[in-house]
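For the numbers below, each heavy atom of this structure counts, side chains included, while hydrogens, waters and symmetry mates do not.
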Protein chains: 2
Amino acid sequence: MNQHVYLVDDDEAIRDSLGWLFQSRGVDCRAFASAEDFLAACDGGLSGCLLLDIRMDGMSGPELFDLLRARGCTLPVIFLTGHGDVPMAVSALKKGAFDFVEKPCNDNELVNRVLEALSLEASQRAASSTADSVNHRLAALTTRERQVMELVLAGKFNKVIADELQISMRTVEVHRANLFEKMGVKTAVELAGLLTGKR
Amino acid sequence: MNQHVYLVDDDEAIRDSLGWLFQSRGVDCRAFASAEDFLAACDGGLSGCLLLDIRMDGMSGPELFDLLRARGCTLPVIFLTGHGDVPMAVSALKKGAFDFVEKPCNDNELVNRVLEALSLEASQRAASSTADSVNHRLAALTTRERQVMELVLAGKFNKVIADELQISMRTVEVHRANLFEKMGVKTAVELAGLLTGKR
DNA sequence: GGCGGTATTGTGGAAATCCGTAATCGCCCG
DNA sequence: CGGGCGATTACGGATTTCCACAATACCGCC
């Protein structure tokens with residue numbers, strides 16, 4: 001899926017001018033007049049970044065931000081406001097917003113921030129796709145295989161694993177071979193490398 | 001080393017009142033009237049967090065922040081200012097400041113932020129100390145041992161490693177045993193776990 | 001020159017892993 | 001009820017790792 005800038009602002013003049021700005025820079029932009037409109041039109045599978053106005057009729061920008069994060073949406077969010085104060089900006093950034101800019105703002109500045117956000121999202125997406133692939137393979141493992149994997153990852157001998165699981169060594173070997181197969185690795189070390197950063 | 005709050009502010013009234021506040025909450029506080037004073041008194045090995053005023057005679061808070069970061073100091077920094085604006089706050093947070101609060105501020109709020117910062121720094125310190133320990137052991141390895149380690153970590157058999165390094169398998173075994181000894185691990189998998197996140 | 005550290009290699013055996021073949025048992029599904 | 005699947009186990013052999021004992025060579029340092 002191509003990246004888009006999702007612009008949510010209740011001011012039509014802003015939507016038009018920013019929409020034009022992004023299109024002129026070759027960035028695909030989709031504008032929404034309210035948080036509700038955005039939610040209705042975009043359920044999931046988004047790619048790109050969000051440009052959120054703070055004050056809007058109905059749901060506010062920060063409320064939409066919180067809702068999306070709660071739903072697991074990790075799109076970079078740039079807040080855009082004409083009436084922001086310091087605590088608001090601090091709160092937004094500490095909650096993980098990508099940026100917080102005041103209107104009116106320099107077009108080039110804004111485009112640069114957006115491009116940075118898009119770049120971040122692209123690498124995020126790449127990283128999470130490999131993570132997903134690993135998780136997918138992980139999910140295909142049997143209960144026993146997962147148990148054996150844990151102990152293998154703990155650096156224990158098959159002999160010890162067999163003892164701890166109260167099964168024969170041969171069974172451990174079978175599970176081990178099966179899980180290596182499923183995870184697409186040839187040795188325990190490769191498996192450890194694959195799971196770098198988990199459990 | 002115990003944790004301290006390092007307070008840098010050119011307003012004596014602030015230094016006194018905040019100093020009293022922290023002492024009353026059982027938090028050790030050291031106050032400095034300028035960035036230069038702080039730098040002169042505290043070279044390295046600090047533990048705790050920094051409370052930095054933005055506008056000061058001489059070096060400003062953000063300038064001191066940048067300087068410390070450039071020197072590798074990762075202490076959490078809370079900016080404290082009576083004349084802050086949104087871009088300033090955004091810039092500070094995006095550069096990694098822990099927080100940005102406006103004066104006058106609620107005492108409890110400030111103490112809470114400081115306690116959060118101290119807690120973060122404590123876990124940071126713990127993490128970096130284990131990382132240091134690993135790096136220290138890593139530094140004690142011989143060139144050959146490091147080479148062998150790389151290949152072991154790549155999941156290769158001793159046979160293959162011997163071939164690639166153009167040495168006998170027996171030599172590889174020796175290096176392998178030696179480096180396991182030096183790194184304090186018993187198996188290749190443990191080694192991989194130890195180096196999770198590196199190279 | 002001797003001493004210590006690193007790198008190198010060999011022999012040989014104990015221990016562990018790897019793997020093909022084969023079989024039993026229990027459970028869920030069509 | 002038969003088939004598929006996961007879990008279990010056994011035998012036996014090939015491969016690999018682990019380790020003690022032993023030895024040679026290079027290099028820098030006192």
Side-chain angles (χ1 to χ4, degrees), chain A residues 130-199, chain B residues 130-199:
Chain A
T130 73
D132 276 359
S133 145
V134 170
N135 285 328
H136 192 268
R137 279 177 282 176
L138 224 41
L141 296 182
T142 318
T143 305
R144 263 310 198 217
E145 286 167 350
R146 232 186 308 281
Q147 291 173 355
V148 171
M149 187 184 74
E150 298 292 341
L151 299 174
V152 166
L153 252 25
K156 298 180 177 172
F157 290 137
N158 286 351
K159 177 194 272 193
V160 179
I161 297 173
D163 195 55
E164 289 190 22
L165 294 182
Q166 292 286 298
I167 56 183
S168 87
M169 214 179 91
R170 190 62 188 84
T171 308
V172 175
E173 288 177 31
V174 172
H175 287 318
R176 185 186 181 117
N178 288 340
L179 80 88
F180 278 14
E181 168 75 16
K182 287 184 184 174
M183 297 301 291
V185 300
K186 245 171 58 62
T187 70
V189 178
E190 287 178 47
L191 182 63
L194 204 60
L195 298 184
T196 282
K198 298 185 192 288
R199 60 201 62 263
Chain B
T130 73
D132 277 359
S133 145
V134 170
N135 285 329
H136 192 267
R137 280 176 283 176
L138 224 41
L141 296 182
T142 320
T143 304
R144 263 307 199 216
E145 286 167 351
R146 232 186 308 280
Q147 292 173 354
V148 171
M149 188 184 72
E150 298 291 341
L151 299 173
V152 166
L153 252 25
K156 297 180 178 172
F157 290 138
N158 287 349
K159 179 193 272 191
V160 179
I161 297 173
D163 196 54
E164 289 191 22
L165 294 183
Q166 292 287 298
I167 56 182
S168 87
M169 213 179 90
R170 190 61 189 82
T171 308
V172 174
E173 287 178 34
V174 173
H175 288 317
R176 185 187 182 115
N178 288 340
L179 79 90
F180 277 14
E181 167 76 16
K182 287 183 184 175
M183 298 300 292
V185 299
K186 244 171 58 64
T187 71
V189 178
E190 287 179 47
L191 182 63
L194 204 61
L195 298 184
T196 281
K198 300 185 193 288
R199 62 200 64 260

What's the spacing between B:Leu153 CG and B:Leu194 CG if we round to 0.5 Å?
10.0 Å
Phosphate contact (C:dA7 OP1 or OP2) by B:Thr142 side-chain N/O below 4.0 Å
yes
Verify the contact: side-chain N or O of B:Thr171 to OP1 or OP2 of C:dT8, cut-off strictly under 4.0 Å; return yes or no.
no
Please write out the pairs of protein N or O atoms and N or O atoms of nucleotides 17-23 of chain C separated by less than 3.5 Å, giving the distance to one decimal.
from   : atom 1 : to       : atom 2 : distance (Å)
C:dT17 : OP1    : A:Asn158 : N      : 2.7
C:dC18 : OP2    : A:Arg176 : NE     : 2.9
C:dC19 : N4     : A:Arg170 : NE     : 3.4
C:dC19 : N4     : A:Glu173 : OE1    : 2.9
C:dG20 : O6     : A:Arg170 : NE     : 2.9
C:dG20 : O6     : A:Arg170 : NH2    : 2.5

Roughly how many Å is it from CG in A:Leu141 to P in D:dC5, rounded to a whole number?
17 Å
Report the distance from atom CZ of B:Phe180 to atom CE of B:Met149, rounding to the nearest 0.5 Å.
10.0 Å
Spacing between A:Leu151 atom CG and C:dA16 atom P, to the nearest angstrom:
16 Å
Once salt bridge (charged side-chain N to carboxylate O under 4.0 Å, His left out) is applied, do any residues pair with B:Lys159, and if so which ones, sequence neighbours excluded?
none
Expressed in angstrom and rounded to an integer, what is the separation of B:Glu181 atom CD from C:dT6 atom P?
13 Å
Mind checking the CE-CZ spacing from B:Met169 to B:Phe157? Nearest 0.5 Å is all I need.
11.0 Å
Could you give the distance from NZ (B:Lys156) to NZ (A:Lys186), rounded to the nearest 0.5 Å?
11.5 Å
Atom CG of B:Leu179 and atom NE2 of B:His175: how far apart are they, to the nearest 0.5 Å?
9.5 Å
Test item: B:Ile167 and B:Arg144 side chains (from C-beta on) under 4.5 Å apart, heavy atoms
yes
Could you list the residues that satisfy salt bridge (charged side-chain N to carboxylate O under 4.0 Å, His left out) with B:Arg146, not counting sequence neighbours?
none
Donor-acceptor pair, distance only, cut-off 3.5 Å: does the side chain of B:Glu145 make one with the backbone of B:Thr142?
yes
Quick one: CG on A:Asn135 to OG1 on A:Thr130, what's the gap to the nearest 0.5 Å?
9.5 Å
Pairing of A:Arg176 and A:Glu173 as salt bridge, 4.0 angstrom limit
no
Every protein N/O lying under 3.5 Å from an N/O of nucleotides 24-27 of chain C:
none

Between A:His175 and D:dG6, does any side-chain N or O lie under 4.0 Å from OP1 or OP2?
no
Rounded (10°) bend between the five-pair end axes of the helix from C:dG1-D:dC30 to C:dG30-D:dC1:
40°
Backbone of B:Lys182 reached by a side-chain donor or acceptor of B:Arg137 within 3.5 Å
no
Donor on one side chain, acceptor on other, A:Ser168 and A:Thr171, under 3.5 Å
yes
Please write out each protein N/O paired with an N/O of nucleotides 26-29 of chain D under 3.5 Å, distance rounded to 0.1 Å.
none

